[in-house]
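To keep things clear, I will list the structure first and then write my remarks on it.
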Amino acid sequence: MLTIEPGVTGRGKNTAFWAGIANLFWWVDREKGIAGMIASQVMPFGDPNVMGAWFGAEGAVYGHLGA
């Protein structure tokens, strides 16, 4: 999937991202030259704790870049 508009975490437009059933999330932001991944083996998909960790980690990465 591609991000159409810049994300609330600082993610750039046209960032590629995907999620797997066991709450595996990755993104590749070619515009800003960074990527990241959160991997768990927690079910069900969309577990609030894992989602919070994903958004928190992504936000921290972009926050550190000054995005």
Side-chain angles (χ1 to χ4, degrees):
M1 294 188 280
L2 289 176
T3 302
I4 297 172
E5 297 293 327
V8 297
T9 60
R11 180 189 291 185
K13 186 176 176 182
N14 295 320
T15 296
F17 67 99
W18 195 253
I21 192 68
N23 289 298
L24 308 167
F25 300 94
W26 62 262
W27 75 96
V28 177
D29 188 336
R30 294 178 287 172
E31 186 178 286
K32 297 185 179 182
I34 60 170
M37 180 174 184
I38 298 293
S40 77
Q41 294 184 350
V42 176
M43 297 294 279
F45 179 75
D47 177 81
N49 293 318
V50 180
M51 298 298 287
W54 174 27
F55 288 116
E58 188 173 316
V61 168
Y62 284 106
H64 182 70
L65 294 176

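In this chain, numbering begins with 1 at the start of the sequence shown. All figures in this text were calculated on a predicted structure; none of them were measured in a lab. Only this structure's heavy atoms are used, side chains among them; waters, hydrogens and symmetry mates stay out.
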_Verdict with reasoning, E58 to F25, per side chain to side chain contact (heavy atoms under 4.5 Å, CB included)_ = CA-CA 10 Å; E58 188 173 316; F25 300 94; over 6 Å; no

Cluster overlap [X] with [Y], hydrophobic side-chain contacts below 4.5 Å:
X   : Y   : result
V28 : I34 : yes
V61 : L24 : no
W27 : W18 : yes

*Working to the nearest 0.5 Å, report the span between OG1 of T3 and NZ of K13.*
11.0 Å

Taking all non-hydrogen atoms of both residues, which atom of [X] and which atom of [Y] are closest, and how far apart?
X   : Y   : value
L2  : F17 : C-CE2, 3.7 Å
W54 : I38 : CA-CG1, 3.8 Å
R11 : T15 : CG-OG1, 3.2 Å

*side-chain hydrogen bond (donor to acceptor under 3.5 Å, both in side chains) pairs, two or more places apart, involving residues 39-53*: none

*Mind checking side-chain contact (heavy atoms from CB on, under 4.5 Å) for I21 and listing every partner two or more places apart, or none if nothing turns up?*
M43, F45

_Strictly distance-based, threshold 3.5 Å: is any side-chain N or O of K32 a donor or acceptor partner for the main-chain N or O of Y62?_
no

